[in-house]
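Dumping the structure here so I can ask a few things about it.
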Amino acid sequence: QVQLVESGGGLVQPGGSLRLSCAASTRIFNLYVMCWFRQAPGKQRELVARIAGDGTTFYTDSVKGRFTISRDNAKNTVYLQMNSLKPEDTAVYYCNADRAFSRENSWGQGTQVTVSS
């Protein structure tokens, strides 16, 4: 299994920015589709963004134009740049790794993002 460690969460005011990082411990990082999910209290976990090994990305509608997912395969790291943050973005953000043609799926421990005045 892939070990995933998130960092970069914290408290930020509305309109501010944060960059989350997720470091993966694997020799085949390029084979994994990397995702960021989030879960707010009392709500279901939702997909925020996804990036394939070739750089192809997907974003949920609520974050399009504000969030950017990227990856550095040489560093085995995926990032989520979050700009123009809103209180509705408050959640625990989780890194996820999914390997195609297998049932391997791994989760990080999560990092708290709080957007509040």
Side-chain angles (χ1 to χ4, degrees):
Q1 294 293 118
V2 181
Q3 182 182 359
L4 303 173
V5 180
E6 301 101 330
S7 62
L11 175 64
V12 64
Q13 294 184 355
S17 298
L18 284 173
R19 189 179 78 156
L20 306 183
S21 298
C22 174
S25 297
T26 176
R27 297 179 180 177
I28 52 173
F29 181 70
N30 60 302
L31 298 183
Y32 290 86
V33 175
M34 302 299 298
C35 300
W36 287 99
F37 286 76
R38 67 185 180 187
Q39 187 165 26
K43 296 186 177 181
Q44 294 181 311
R45 187 171 298 187
E46 66 171 342
L47 174 66
V48 177
R50 176 190 294 129
I51 185 167
D54 65 358
T56 302
T57 60
F58 167 85
Y59 300 92
T60 193
D61 287 344
S62 63
V63 308
K64 286 182 178 177
R66 300 189 298 120
F67 291 10
T68 302
I69 189 170
S70 61
R71 66 191 292 162
D72 186 336
N73 288 342
K75 295 182 177 180
N76 280 200
T77 302
V78 63
Y79 306 94
L80 185 68
Q81 178 66 45
M82 305 185 293
N83 299 325
S84 301
L85 283 162
K86 304 175 181 180
E88 307 93 273
D89 297 317
T90 296
V92 177
Y93 284 70
Y94 297 91
C95 184
N96 173 266
D98 185 76
R99 184 179 175 186
F101 302 103
S102 78
R103 299 185 66 84
E104 182 181 349
N105 187 269
S106 302
W107 293 89
Q109 82 287 347
T111 185
Q112 177 71 48
V113 172
T114 302
V115 185
S116 176
S117 298

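All of these numbers come straight from a predicted model, not from anything done at the bench.
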### Within-4.5 Å side-chain heavy-atom neighbours: Arg66 and Tyr59
no

Checklist line | Atom CD of Gln109: over 12 foreign heavy atoms under 6.0 Å | finding: yes

- Query: Hey, are Asp61 and Lys64 close enough for a salt bridge, meaning a charged N less than 4.0 Å from a carboxylate O?
  - Reply: yes

Pairwise side-chain contact, Val115 with Val113, heavy-atom cut-off 4.5 Å (strictly under): yes

Heavy-atom closest pair (Leu80 atom, Ala49 atom, distance to 0.1 Å) is CD1-CB, 4.2 Å

Cluster overlap Ile51 with Val33, hydrophobic side-chain contacts below 4.5 Å
no

- Query: Taking side chain as C-beta onward, heavy atoms only, is Trp107 less than 4.5 Å from Cys95?
  - Reply: no

CD (Glu6) and CG (Asn96) are apart, to the nearest 0.5 Å, by 9.5 Å

Tightest non-hydrogen contact, residues Ser21 and Trp36, listed as O-CH2, 3.7 Å

Check: Cation-pi between Arg50 and Phe58: NZ/CZ under 6.0 Å from ring centre and within 45° of the ring axis?
Finding: yes

Exercise. Compare all side-chain heavy atoms of Leu85 with those of Phe67 and state whether any distance is below 4.5 angstrom.
Key: yes

Value for CD1 (Ile69) from OG1 (Thr56), rounded to nearest 0.5 Å, stands at 11.5 Å

Point to revise | Shared hydrophobic cluster for Val2 and Val78 (ILVMFWY, side-chain gaps under 4.5 Å) | key: yes

Handout entry: Over 12 foreign heavy atoms within 6.0 Å of CD, Gln1
Key = yes

Quick check: do Tyr94 and Val92 have side-chain heavy atoms less than 4.5 Å from each other? yes

Residues Ser17 and Ser84: closest non-hydrogen pair is OG-N, 4.3 Å

Quick one about Tyr93 and Arg38 (side-chain donor to acceptor, distance below 3.5 Å, no hydrogens or angles considered), yes or no? yes

Do Tyr79 and Asp72 have side-chain heavy atoms sitting under 4.5 Å apart? yes

CZ of Arg71 to CG of Asn76, rounded to nearest 0.5 Å, is 9.0 Å

message: I'd like to know if the side chain of Thr26 reaches the main chain of Ala24, judged simply by a donor and an acceptor atom lying under 3.5 Å from each other, with no hydrogens or angles considered.
response: no

d(Ile28 CD1, Asn73 CG) to nearest 0.5 Å is 12.0 Å

ask   = Taking C-beta and beyond as the side chain, do Thr114 and Leu11 meet within less than 4.5 Å on heavy atoms?
value = yes

* To do: Applying side-chain contact (heavy atoms from CB on, under 4.5 Å), run through Met82 and Val63 and close with a yes or a no.
  => CA-CA 9 Å; Met82 305 185 293; Val63 308; over 6 Å; no

To the nearest 0.5 Å, atom CG of Leu4 lies from atom SG of Cys22 at 4.5 Å

Q.
When you compare the side chain of Cys35 with that of Asp98, does any pair of heavy atoms fall below 4.5 Å?
A. no

dist Arg19:CZ -> Thr68:OG1 (nearest 0.5 Å) comes out at 11.5 Å

